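Data first, discussion second: the structure below is written as structure tokens.
These numbers were taken from a predicted model, which means no experiment stands behind them.
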Amino acid sequence: MLNIDSENGFMLADKVKRIIYEAVVSCGFENTGIDRWQDVPLEIPRSKDHGDFATNLSLTLAKPLKRTPGEIAGKIVGGLAESAIIGKAEIAGPGFINLTVAPDTLRGIIEEVRDAGADYGKSDIGKGKKVQVEFVSANPTGPLSVGHGRIAAIGDTIARLLEACGYETVREYYVNDIGNQIKNLAISVDLRYKEALGQDVQLDQAGYQGEYIKTYALELKKEYGDSLLKKDDDERRKLMADYTIKRVLDEQDESLKKFGVAFDRWFGEHELYDADLVEDVLKTLKEKGALYEDEGALWFATSKYRYTQDRVLKKSGGASTYFLSDIAYHKNKFDRGFDIVIDIWGADHHGYIARMKSAMEALGIDPDKLEIAVVQLVRFKKSGDFVRMSKRAGNLVTLSDLVDEVGCDAARFFFLMRTKESHLDFDIELAKERSEKNPMFYLQYAHARICSLLQKAGEEGVEVATGADLALLETPRELALMSKLANFPWEVQTCCLAREPHRIITFLTELAGDFHAFYHGHRVVSDKDKALSSARLALCAAVQTVFANGLSLLGITAPESM
RNA sequence: GCGCCCAUAGCUCAGAUGGAUAGAGCAACGGACUUCUAAUCCGUAGGUCGCAGGUUCGAAUCCUGCUGGGCGCGCCA
């Protein structure tokens, strides 16, 4: 899954793999599972003592070759061709080969970053494949809650990563705009409408009691006066449902945009019925023998495909379940030509994975092309205590409230900073804090600091431009920083393929650490040694670009001053 | 009862494809501003990787069984 099958091999890591592969071939060690340069296992060592790259290939080859790892490593190191890229190759531990990249090659990264600019980190590994990312898809019955925030942030960032890696990406939001809950929604608005017109109403019959319902009812009153009362119930409620759904979706869209998320397509469930896609999919399933009737209902034989319970598609009363239209929707995604379909679901929906994958299988669609990423739920912490985000308790309820409270950057950062499998604790006060305790400021501060340096250099007339003598960059901190820059494209690809946005944050935090350490040990802007100053400024500019590109992938701003 | 997720330093968490003395931030302790942003840096201390087995030359990582926590198991939406 994480095998990055890059073809261009522009990345430094790819170049290193090729060099190692040549050595493997020259030793006659190929066709042992290492059959192409892409098969060479390469890792970025945790410790800088282990060089810029390391490979454990001699350990994995020990068995098929029936030789000791040390012996194999010795041969491979001996077989490494003279190259301008590898500066040093050492055998260490049980048989690792640690590789240190030649300083000149690392210095070349600075120019590479400068030339690529905002494109540095992007790649074409997606080869233009069409991917749909569907996420949030909350019911159109009220504002988005804080709980949707994590899913929105992760879904959007996965989409950003896919775009950066050359996938044609569509962000889609599915709207359950028909069914019982919409009827309840209309009834709720209707009651408030009648109330606003002075009628006596039984509000406990309303399914939705939120203030926003009252607002919409008043808007309807303003627009139509009491004229809607003359219409029959069905007609009036249809109008109210349409109006309310539109208003709710507009507000959801607005709060998402405020959160940095813009959907390409809002797909209404009614579209499926309008185009008879629900009946079509039912017919197809019937033909495939995936259905049966029992006690007047129509069942989907889920258990025929995956180990799970059978599910009802049509109730004995004849009404369709949501599961049925969900199947039609997912079939439609593939009919629209998407090569990969990614659903981002909250952990409370994990039980639906097996049935949806079964449905795809029954329809003859490869269930692996439907990726369902499950995001664990979030607990919100305030003053050291976990708080229930309920309106009654007077806490933040909507996503919009949260963004207003902590800001878009902090909200996204905190939602993205952990693996999606972790049960996230969102510390609201920490997110608001502008201090060293808040990890987001550590990142943004590094970027702002570079901006300040570059500005200072401009004021003092030190050349930032091209033509700096980069060979002057030779300290361990400078080299470490360049090595880190070289890893960025690899990191973006890994994060994209693994659908793990949090790793970008880990990477940027490490980059910030390397930069701050460099900054403290090295004078950057100086008129005593202008050549060195120029070289260091060129390095700083490259670091700045990587920060900007990385933060942009996360949808977080890169402030120029703080 | 069944299913999914989680359990790593005092706290919050990283540890891709099994591999080198298990890492970071915060908290604690000790240092560093006549110098480009100290929202920073340097150093010290801190862990039976929930428990017990198993596979492997090698397991925090894979398998099985437990324990503890979160979530889910309708002709609901």
Side-chain angles (χ1 to χ4, degrees), chain A residues 1-4 41-47 49-50 54 56 59-60 62-63 68-69 92-96 98 139 141 176 179-182 184 294-299 307-309 311-319 321-323 346-354 374-377 379 381 384 417-425 427 430 433-442 444-446 448-457 459-460 462 494-495 497-498 500 502-503 505-506 509-510 512-513 515-526 533 536-537 540 561-562:
Chain A
M1 161 106 186
L2 278 179
N3 185 27
I4 297 168
L42 197 68
E43 64 174 51
I44 296 162
R46 288 194 254 284
S47 163
D49 300 338
H50 296 155
N56 65 346
L59 287 104
T60 60
K63 197 168 233 177
T68 66
F96 288 94
N98 293 336
N139 288 328
T141 52
N176 284 118
N180 283 331
Q181 59 179 345
I182 299 303
N184 289 334
D294 189 39
E295 294 186 21
L298 192 58
W299 294 72
Y307 186 69
T308 180
Q309 294 169 350
R311 299 290 164 186
V312 167
L313 296 183
K314 274 207 170 191
K315 299 183 250 183
S316 52
T321 61
Y322 273 71
F323 181 38
D348 50 343
H349 288 88
H350 75 263
Y352 299 72
I353 297 172
V374 173
V375 178
Q376 292 300 316
L377 273 38
R379 293 191 298 180
K381 204 154 112 180
M417 70 194 292
R418 305 300 179 209
T419 64
K420 58 184 177 299
E421 290 82 16
S422 75
H423 302 219
L424 179 67
D425 291 337
D427 187 328
L430 182 61
E433 202 167 312
R434 300 174 63 81
S435 79
E436 73 283 357
K437 290 182 188 172
N438 184 337
M440 183 179 69
F441 284 95
Y442 185 76
Q444 293 189 321
Y445 184 64
R449 204 173 217 185
I450 295 173
C451 291
S452 166
L453 279 175
L454 296 176
Q455 195 189 340
K456 180 105 182 162
E459 286 164 7
E460 301 198 359
V462 182
T494 307
C495 292
L497 293 172
E500 287 179 344
H502 79 278
R503 298 167 62 116
I505 288 185
T506 306
T509 303
E510 288 168 4
F515 174 73
H516 286 308
F518 156 80
Y519 174 87
H520 271 270
H522 303 71
R523 178 77 199 179
V524 177
V525 181
S526 161
S533 192
R536 286 182 175 162
L537 283 164
C540 288
S561 67
M562 291 174 74

Report, one pair per line, the protein and nucleotides 58-60 of chain B atoms (nitrogen or oxygen only) whose separation is under 3.5 Å.
none

If I take atom [atom1] in residue [X] and atom [atom2] in nucleotide [N], what distance separates them, rounded to the nearest angstrom?
| X | N | atom1 | atom2 | value |
| --- | --- | --- | --- | --- |
| A:Tyr445 | B:A39 | OH | C1' | 6 Å |
| A:Phe323 | B:G72 | CZ | C1' | 16 Å |
| A:Tyr519 | B:C33 | OH | C1' | 10 Å |
| A:Leu377 | B:G69 | CG | P | 18 Å |

Would you say A:Gln181 and A:Asn139 are linked by a side-chain donor-acceptor pair, where the criterion is simply a distance under 3.5 Å?
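Present: a donor and an acceptor within the cut-off.
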Think [X] has a side-chain N or O under 4.0 angstrom from the OP1 or OP2 of [N]?
| X | N | answer |
| --- | --- | --- |
| A:Ser47 | B:A20 | no |
| A:His502 | B:G15 | yes |
| A:Asn180 | B:A77 | yes |
| A:Lys63 | B:U56 | no |

Which pairs, protein N/O on one side and nucleotides 3-6 of chain B N/O on the other, fall under 3.5 Å?
{"unit_1": "B:G3", "atom_1": "N2", "unit_2": "A:His350", "atom_2": "NE2", "d": "2.3"}
{"unit_1": "B:G3", "atom_1": "N3", "unit_2": "A:His350", "atom_2": "NE2", "d": "3.4"}
{"unit_1": "B:C5", "atom_1": "O2'", "unit_2": "A:Gln376", "atom_2": "NE2", "d": "3.3"}
{"unit_1": "B:C5", "atom_1": "O2'", "unit_2": "A:Glu421", "atom_2": "O", "d": "3.0"}
{"unit_1": "B:C5", "atom_1": "O2'", "unit_2": "A:His423", "atom_2": "NE2", "d": "3.4"}
{"unit_1": "B:C5", "atom_1": "O2", "unit_2": "A:His423", "atom_2": "NE2", "d": "3.2"}

Tell me if the side-chain of A:Asn98 makes a donor-acceptor pair with the base of B:A20, cut-off 3.5 Å, by modelled atom types.
yes
Name the closest nucleotide to the A:Thr60 side chain, picking from B:A77, B:G19, B:U12.
B:G19
Candidate nucleotides B:U56, B:C26, B:C36, ranked by approach to the side chain of A:Val525 - the nearest
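Per side-chain heavy atoms of A:Val525, the pick is B:C36.
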For RNA chain B, write out the stems as range with range, using runs of 3 or more consecutive Watson-Crick or G-U pairs with both distances under 3.5 Å.
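Stem segments, range with range: B:1-7 with B:67-73, B:10-13 with B:23-26, B:28-32 with B:40-44, B:50-54 with B:62-66.
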Geometric class of the A:Phe518/A:His522 ring pair [parallel <30°, tilted 30-60°, perpendicular >60°]:
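Ring orientation of A:His522 relative to A:Phe518: parallel.
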